[in-house]
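See below for the structure under consideration.
Note on naming: letters A, B, ... go to the chains in the order of the sequence lines (proteins, then strands), and numbering restarts at 1 for each one.
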Protein chains: 2
Amino acid sequence: MDLFVSKYINKIDKKGRVSLPSSFRNILPKANRNEIILYKSIKTPSIEGCGVGRLNEIAKRINNLDFFSEDYDDFSTSIFSEIITTNIDKEGRFLIPEELKIYADIKTEAAFFGQGHYFQIWEPKKGLKNTEDSRRRLLKEKKSLRMILTQQK
Amino acid sequence: MDLFVSKYINKIDKKGRVSLPSSFRNILPKANRNEIILYKSIKTPSIEGCGVGRLNEIAKRINNLDFFSEDYDDFSTSIFSEIITTNIDKEGRFLIPEELKIYADIKTEAAFFGQGHYFQIWEPKKGLKNTEDSRRRLLKEKKSLRMILTQQK
DNA sequence: CACATACCCATTGACGCCCATATATTCCCA
DNA sequence: TGGGAATATATGGGCGTCAATGGGTATGTG
């Protein structure tokens with residue numbers, strides 16, 4: 001398994017530390033298992049995160065843009081300056097930067113939601129509500145989950 | 001991690017010294033960890049900086065411009081002749097040359113913005129506003145940040 | 001000599017590293 | 001196969017180290 005899946009709710013201790021779910025840690029490449037990157041989700045009041053490996057891919061893509069164009073600066077600023085790297089201690093815990101906690105309204109507990117190649121961190125109640133809303137939207141639009149889950153390639 | 005990421009706001013002391021964020025220092029090659037280059041950003045009222053090694057990369061990019069265009073001379077002049085090297089002391093601090101401080105309107109605090117292979121130094125309020133503006137431009141143009149952040153190769 | 005800057009030392013708070021415990025899970029063997 | 005032991009995970013807390021900051025003094029250069 002090399003995808004972030006499932007959801008977990010973990011406590012944030014006095015020092016502000018929170019455990020990255022074990023199954024998430026195991027997905028990080030052994031080489032960089034003690035570092036992740038975090039950034040504000042664009043569409044939701046949540047934090048998104050993933051291993052640092054993805055950062056290099058992003059850098060490569062941005063570097064391919066015209067260096068003297070406006071886009072280059074916009075992407076570079078919006079992405080690199082907004083990304084925060086944080087270290088994972090030997091027990092598998094990390095610190096959520098204050099700014100991101102405020103953005104996601106996270107206080108004493110953090111809910112982790114696997115999203116495949118990345119994961120989201122929510123204030124638990126908001127996160128669960130978002131899950132329900134998502135599912136409801138899907139069904140409403142008659143996009144059959146069943147179809148997606150059971151169809152053959 | 002070998003990229004300049006995140007943002008930091010540091011104070012400038014009476015002597016004009018300011019700490020280069022620790023994570024930025026660690027990116028500089030051990031060989032030249034006590035020296036960086038600074039120059040005026042071409043498109044914004046900010047200072048750009050990087051390790052001395054990056055000079056070659058800048059030269060390459062300018063060389064890729066049409067040699068006979070006006071841009072070539074302009075960029076070449078604007079950048080190379082304006083580059084200033086400055087030393088980093090044992091505590092990780094350096095002096096921002098007066099001319100650059102004036103150009104960026106920096107007085108008592110300096111905001112450092114990671115930009116991947118280089119970084120920018122802004123007057124804090126202006127820098128934060130610039131980040132917001134960048135993001136707004138990107139979203140407005142429906143250029144999906146999310147795609148860059150999460151897509152697979 | 002005056003000013004700027006490099007070098008040295010000190011302080012504070014944040015963070016990393018280490019150890020400890022409780023609960024849950026897996027493993028192994030009788 | 002049942003039960004106890006070993007292991008893993010989430011969580012709590014002590015303490016040393018480092019980053020950011022402040023300031024004194026030496027060095028140096030015009």
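Counting any heavy atom pair closer than 4.0 Å across all strands shown, B:N87 reaches no nucleic acid atom. Among the protein residues, B:L20 comes within range of the sugar-phosphate backbone only, with heavy atoms under 4.0 Å from sugar or phosphate atoms but none that close to a base. Note on A:D89: nothing from the nucleic acid sits closer than 4.0 angstrom, heavy atoms only.
Side-chain atoms of B:T44 and B:S41 form a donor-acceptor pair, as typed in the model, at a separation below 3.5 Å. No hydrogens or angles considered: a donor-acceptor pair under 3.5 Å links the side chains of A:T77 and B:Q115. No side-chain donor from either of A:Y8 and A:S19 sits under 3.5 Å from a side-chain acceptor of the other.
B:N26 places a side-chain N or O within donor-acceptor distance of the main-chain N or O of B:S22, the cut-off being under 3.5 Å. When atom types are taken as modelled, the side chain of B:E123 and the backbone of B:K126 share a donor-acceptor pair closer than 3.5 angstrom. At least one donor-acceptor pair under 3.5 Å links the side chain of B:R25 to the backbone N or O of B:L20.
Among B:L28, B:V52, B:T86, the one residue that satisfies the side chain to side chain contact (heavy atoms under 4.5 Å, CB included) test with B:E35 is B:V52.
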Problem set entry | Evaluation steps, salt bridge (Lys or Arg N to Asp or Glu O under 4.0 Å), between A:K11 and A:E109 | CA-CA 4 Å; A:K11 290 176 186 172; A:E109 287 189 316; 5.8 Å; no
For this session: Output, in order, the C-alpha distance, side-chain angles, deciding distance and verdict of salt bridge (Lys or Arg N to Asp or Glu O under 4.0 Å) for A:E91 and A:R17.
Result: CA-CA 10 Å; A:E91 283 73 34; A:R17 297 173 300 189; over 6 Å; no
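Taking atom NZ of A:K90 as the reference point, atom C1' of D:dA8 lies 15 Å away to the nearest angstrom. One interatomic measurement links the two molecules: CZ of B:R33 to P of D:dA19, which rounds to 10 Å at whole-angstrom precision. B:Y8 places its OH atom 13 Å from the P atom of D:dT21, with the value rounded to the nearest Å. Atom pair B:L95:CG and D:dG22:P shows a separation of 14 Å (rounding to whole Å applied). Taking atom CD1 of residue A:I9 and atom C1' of nucleotide D:dT9, one finds them 17 Å apart after rounding to whole Å. The distance from atom CD1 of B:I12 to atom C1' of D:dG22 is 15 Å, rounded to the nearest whole Å.
Axis deviation across the helix from C:dC1-D:dG30 to C:dA30-D:dT1 amounts to 40°, comparing end segments of five pairs, rounded to 10 degrees.
Residue B:K43 qualifies as enclosed at atom NZ: its count of foreign heavy atoms under 6.0 Å is above 12. No more than 12 heavy atoms of other residues, nucleotides or ligands lie within 6.0 Å of NZ in A:K7, so this atom counts as exposed by the packing criterion.
Toward the 5' end of DNA chain D, the nearer of the two residues B:N26 and A:S22, judged by each one's closest nucleotide, is A:S22.
Here B:S19 does not reach the OP1 or OP2 of D:dA19: none of its side-chain N or O atoms lies under 4.0 Å away.
Where DNA chain C meets chain B (any atom under 4.0 Å from a heavy atom), the bounding nucleotides read 5' to 3' are C:dT5 to C:dC9.
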Polar pairs (N or O, both sides) under 3.5 Å between protein and nucleotides 23-30 of chain D?
| residue | atom | partner | partner atom | Å |
| --- | --- | --- | --- | --- |
| D:dG23 | OP2 | B:K14 | NZ | 3.0 |
| D:dG23 | N7 | B:R17 | NH2 | 2.8 |
| D:dG23 | O6 | B:R17 | NH1 | 2.8 |
| D:dG24 | N7 | B:K15 | NZ | 3.3 |
| D:dG24 | O6 | B:K15 | NZ | 2.1 |

